[in-house]
**Student:** 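Input: one structure, supplied below.
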Amino acid sequence: MKRIILHIDMDYFFAQIEERENPRFRGKPVVVGADPKGGQGRGVVSTANYVARKYGIHSALPISKAYELCPQAIFLPVNMELYQKVSEKIMEIVKKYSPKWEIVSLDEAYLDLSHIFRDREKVSIENTWMEAKKIGKNLKREIFEKERLTSTVGIGPNKLIAKMASEKGKPNGLLVIKPNQVKEFLEPLDIEDLPGIGPKTAEKLRAIGVNKIKGLKRLSKSKLKDLFGKWGEAIYERARGIDEEPVTSEEIIKSIGRQITFEEDTRDPEIIFKNFEYMIREVHQELLKNNFSFKTITVICRYQGFETYTKSKTLKEPTNDFEILKSEAKKLLLRFLIEGKKLIRLIGLRLKIGY
DNA sequence: AAGTTCTTATTAC
DNA sequence: CTAACGGTAATAAGAACTT
């Protein structure tokens, strides 16, 4: 069955909201993320506006590097409650445009617009795609009128193409890729533009002379399977713009976790256990809130130098008991403190939901 | 031999 | 000394184990 899928992505979401709340920031570099602490900060950039991006600042960049690139930028902490509220308002608007929607994150969503094929009888395919474009324009306009925020819309025959179209259309854009345009759209793009190909996969592909999606298409399915396992087969399909993933709003939580990076690397049991107990309480609360039980506990430990290890324990029976969680989690953490001698940078806790 | 557990790697937002 | 690198979550794969 032919589909028309729309993907909407808010432009530099966190930073744009901060600009809206404080118009004096407009035209200046704005970086939302960790506290740079005069260059000594340990976190990363969440979002940078386009002015900051001119300095080479982007999402996930270490905040220390961002400070080095542009110390005069406006550095702001992440005000998640605010972004969440704004996101809810936006998603309420988005949902009105189709009964089939999927919220991916605070600033991203898909709509399945396939119903317009049926709704408009006696309208050519060409006009149907025009209609989808109008819907996209209206959605962008309504969000801007009500929230004063710009967004980018991508429209295509599936989620993959819609997402890649919005990526190429930003900022404040609207890009429609019809089925007969998929090939010419994809082939000149870099392999990393294909969702699912990250730095590691891209490096392996470049090592064998593959840089563009066109080149990627020359690799057989079995070759990709040899190189990347099960993922390889998905990459084969994606390079050809094939994607059957449905737009669906049902989300199944499979794990719940917390982790923190200390202000300074430490081996102080006081600091470590105080933080760990707090994390246990938080994770347990979220567990109860969702009416879940857990079966596997995983504790994460990252040492100075960034080597990261995990230890896990699977119970005989799922439970939601706080005392079991606390004692089992602490046992796992203790094993790290006993065997590791290095300073600890981060600790984490994750529960795999059972049944 | 098959299923489960443990650990690491990769990706995305 | 040359990288700097947060938090949350999903998925895959291989080794080690238990049955």
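In what follows, every chain begins at residue 1, and chains take the letters A, B, ... in the order their sequences are listed.
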**Student:** Got a list of side-chain donor-acceptor pairs under 3.5 Å for residues 26-38 of chain A, not counting sequence neighbours?
**Tutor:**
residue: Asp35(A); atom: OD1; partner: Lys37(A); partner atom: N; Å: 2.9
residue: Lys37(A); atom: NZ; partner: Glu263(A); partner atom: OE1; Å: 3.4

**Student:** Calculate the interatomic distance between Glu102(A) atom CD and dA10(C) atom C1'; express it in whole Å.
**Tutor:**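 About 14 Å, once rounded to whole Å.
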**Student:** Just the rounded figure in Å: distance from P of dA9(C) to CZ of Arg258(A).
**Tutor:**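 One finds 6 Å between P of dA9(C) and CZ of Arg258(A), rounded.
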**Student:** Once you round it to whole Å, what is the distance between P of dT10(B) and CG of Leu194(A)?
**Tutor:** 18 Å
**Student:** Please check this pair: side chain of Asn22(A) against backbone of Glu18(A), looking for a donor-acceptor N/O pair closer than 3.5 Å.
**Tutor:** no
**Student:** Specify the separation, in whole Å, of atom CD1 of Ile103(A) and atom P of dC13(B).
**Tutor:**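 Whole-Å distance recorded here is 16 Å.
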**Student:** If only side-chain N and O atoms count, and only distance matters, is there a donor-acceptor pair under 3.5 Å linking Arg350(A) with Ser255(A)?
**Tutor:**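 Yes, a side-chain donor-acceptor pair sits under 3.5 Å.
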**Student:** With the threshold set at under 4.0 Å for non-hydrogen atoms, list the residues of residues 235-252 of chain A touching DNA chain C in residue-number order.
**Tutor:**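 Result for residues 235-252 of chain A: Ile252(A), sorted by number.
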**Student:** Can you confirm whether or not the ring centre of Tyr12(A) sits under 6.0 Å from the ring centre of Tyr50(A)?
**Tutor:**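 Yes, the ring centres sit under 6.0 Å apart.
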**Student:** Can you tell me the distance, in whole Å, between the CD atom of Glu108(A) and the C1' atom of dT11(B)?
**Tutor:**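 Answer to the nearest Å: 14 Å.
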**Student:** Take Arg345(A) and Glu264(A), measure what salt bridge (charged side-chain N to carboxylate O under 4.0 Å, His left out) needs, and give me the verdict at the end.
**Tutor:** CA-CA 7 Å; Arg345(A) 179 187 183 93; Glu264(A) 289 183 342; over 6 Å; no
**Student:** Please determine if a side-chain N or O atom of Lys163(A) lies less than 4.0 Å away from the OP1 or OP2 oxygen of dA12(B).
**Tutor:** no
**Student:** When you check the gap from the basic side-chain N to the acidic O, do Glu282(A) and Arg258(A) get nearer than 4.0 Å?
**Tutor:** yes
**Student:** More 5' along DNA chain C: Phe306(A) or Glu286(A), using each one's nearest nucleotide?
**Tutor:**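 With Phe306(A) and Glu286(A) compared, the 5'-side residue is Phe306(A).
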**Student:** Stacking here means centres under 5.5 Å and planes under 30°; does Tyr309(A) stack on dT8(B)?
**Tutor:**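 No; centroid distance or tilt outside limits.
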**Student:** Whole angstrom is fine here: how far is it from CD1 in Ile300(A) over to P in dT7(B)?
**Tutor:**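 Rounding to the nearest Å, CD1 of Ile300(A) and P of dT7(B) are 12 Å apart.
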**Student:** So if I apply the side chain to side chain contact (heavy atoms under 4.5 Å, CB included) rule between Ile143(A) and each of Ile93(A), Val153(A), Asn138(A), which one comes out positive?
**Tutor:**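 With Ile143(A) as partner, Ile93(A), Val153(A), Asn138(A) yield a single side chain to side chain contact (heavy atoms under 4.5 Å, CB included), made by Ile93(A).
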**Student:** Over all strands shown, is Ser59(A) touching base, sugar-phosphate only, or nothing at heavy-atom distances under 4.0 angstrom?
**Tutor:** nothing
**Student:** Quick one: label Lys204(A) by what it contacts on the DNA or RNA (base, sugar-phosphate, nothing), any heavy atom closer than 4.0 Å.
**Tutor:** nothing
**Student:** Which listed nucleotide (dG6(C), dT11(B), dA4(C)) is nearest to the side chain of Lys65(A)?
**Tutor:**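 Nucleotide nearest to Lys65(A)'s side chain: dA4(C).
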**Student:** Taking the C1' atom in each of dA12(B) and dC5(C), what is the distance between them to the nearest angstrom?
**Tutor:** 16 Å
**Student:** Looking only at heavy atoms, what is the nearest atom pair of Ser64(A) and Gly41(A), with distance?
**Tutor:** CB-O, 3.8 Å
**Student:** State whether Lys274(A) and Glu277(A) are salt-bridged, where the test is any N-O pair (Lys NZ or Arg NE/NH1/NH2 against Asp/Glu carboxylate O) under 4.0 Å.
**Tutor:**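 Not counted as a salt bridge, because no side-chain N and carboxylate O are separated by less than 4.0 Å.
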**Student:** What residues, two or more places apart in sequence or in another chain, satisfy ring-ring contact (aromatic ring centres under 6.0 Å, His included) together with Tyr67(A)?
**Tutor:**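 Scan of Tyr67(A) (ring-ring contact (aromatic ring centres under 6.0 Å, His included), adjacent residues dropped) gives Phe75(A).
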**Student:** Within the structure, does a side-chain N or O atom of Ser312(A) lie under 4.0 Å from either OP1 or OP2 of dT7(B)?
**Tutor:** yes
**Student:** Of all the choices, dG7(C), dC5(C), dT11(C), which nucleotide is nearest to the side chain of Lys254(A) once you look at every atom?
**Tutor:** dT11(C)
**Student:** Look at Thr201(A) and dT11(B) and indicate whether a side-chain polar atom (N or O) is within less than 4.0 Å of OP1 or OP2.
**Tutor:**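 Yes.
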**Student:** Mind listing the residues from residues 335-355 of chain A sitting with a heavy atom below 4.0 Å of DNA chain C? Number order is fine.
**Tutor:**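 Correct list: Arg345(A), Leu346(A), Arg350(A).
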**Student:** Does Lys183(A) come within less than 4.0 Å of Glu187(A), counting only side-chain N to carboxylate O?
**Tutor:**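 Result for this pair is yes, salt bridge flagged.
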**Student:** Can a side chain N or O of Arg42(A) be found less than 4.0 Å away from OP1 or OP2 on dA4(C)?
**Tutor:**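 Checking dA4(C) against Arg42(A), no side-chain N or O comes under 4.0 Å of OP1 or OP2.
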**Student:** For the P atoms, the ones on dC13(B) and on dA4(C), what distance do you get once it is rounded to whole angstrom?
**Tutor:** 25 Å
**Student:** Detail all sub-3.5 Å separations between protein N/O atoms and N/O atoms belonging to nucleotides 12-18 of chain C.
**Tutor:**
residue: dA13(C); atom: OP1; partner: Lys230(A); partner atom: N; Å: 2.5

**Student:** In this structure, which one of Leu186(A), Ile5(A), Ile155(A), Ile242(A) forms a side chain to side chain contact (heavy atoms under 4.5 Å, CB included) with Ile161(A)?
**Tutor:** Leu186(A)
**Student:** Checking all strands, does Ile197(A) fall into the base, sugar-phosphate, or nothing category for heavy-atom contacts under 4.0 angstrom?
**Tutor:**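 Counting heavy atoms under 4.0 Å across all strands, the contact made by Ile197(A) is with sugar-phosphate only.
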**Student:** Checking contacts here: which listed nucleotide (dA12(B), dG6(C), dC6(B)) is nearest the side-chain heavy atoms of Pro195(A)?
**Tutor:**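 So the nucleotide nearest the side chain must be dA12(B).
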**Student:** Starting from Met130(A), walk the hydrophobic network (Ile, Leu, Val, Met, Phe, Trp, Tyr; side-chain heavy atoms closer than 4.5 Å) and list everyone else you reach, by chain and number.
**Tutor:** none
**Student:** Expressed in angstrom and rounded to an integer, what is the separation of Lys313(A) atom NZ from dT5(B) atom C1'?
**Tutor:** 11 Å
**Student:** Nearest nucleotide by nearest heavy atom, which residue falls closer to the 5' end of DNA chain C, Ile256(A) or Pro62(A)?
**Tutor:**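 Whichever sits nearer the 5' end wins; that is Pro62(A).
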**Student:** Give one of base, sugar-phosphate or nothing for Leu61(A), where a contact means two heavy atoms less than 4.0 Å apart.
**Tutor:** nothing
**Student:** Rounded at 0.5 Å granularity, tell me how far CG in Asn320(A) sits from CZ in Phe294(A).
**Tutor:** 7.5 Å
**Student:** Starting from P on dA10(C), measure out to CD on Gln259(A) and report it in whole angstrom.
**Tutor:** 14 Å
**Student:** Are any of Ser255(A)'s side-chain N or O atoms less than 4.0 Å away from OP1 or OP2 of dT8(C)?
**Tutor:**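 So the side-chain polar atoms of Ser255(A) never come under 4.0 Å of the phosphate oxygens OP1 or OP2 of dT8(C).
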**Student:** Considering only dA4(C), dG6(C), dT5(B), which nucleotide approaches the side chain of Val44(A) most closely?
**Tutor:**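 It is dG6(C).
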**Student:** Quick check on dC6(B): is either OP1 or OP2 less than 4.0 Å from any side-chain nitrogen or oxygen of Thr296(A)?
**Tutor:** no
**Student:** When we call it a touch if two heavy atoms are under 4.0 Å apart, what does Ser64(A) touch: a base, just sugar-phosphate, or nothing?
**Tutor:**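 The residue Ser64(A) makes sugar-phosphate contact but no base contact.
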**Student:** At less than 4.0 Å, is any side-chain N or O atom of Lys200(A) found next to OP1 or OP2 of dT8(B)? Yes or no.
**Tutor:** no
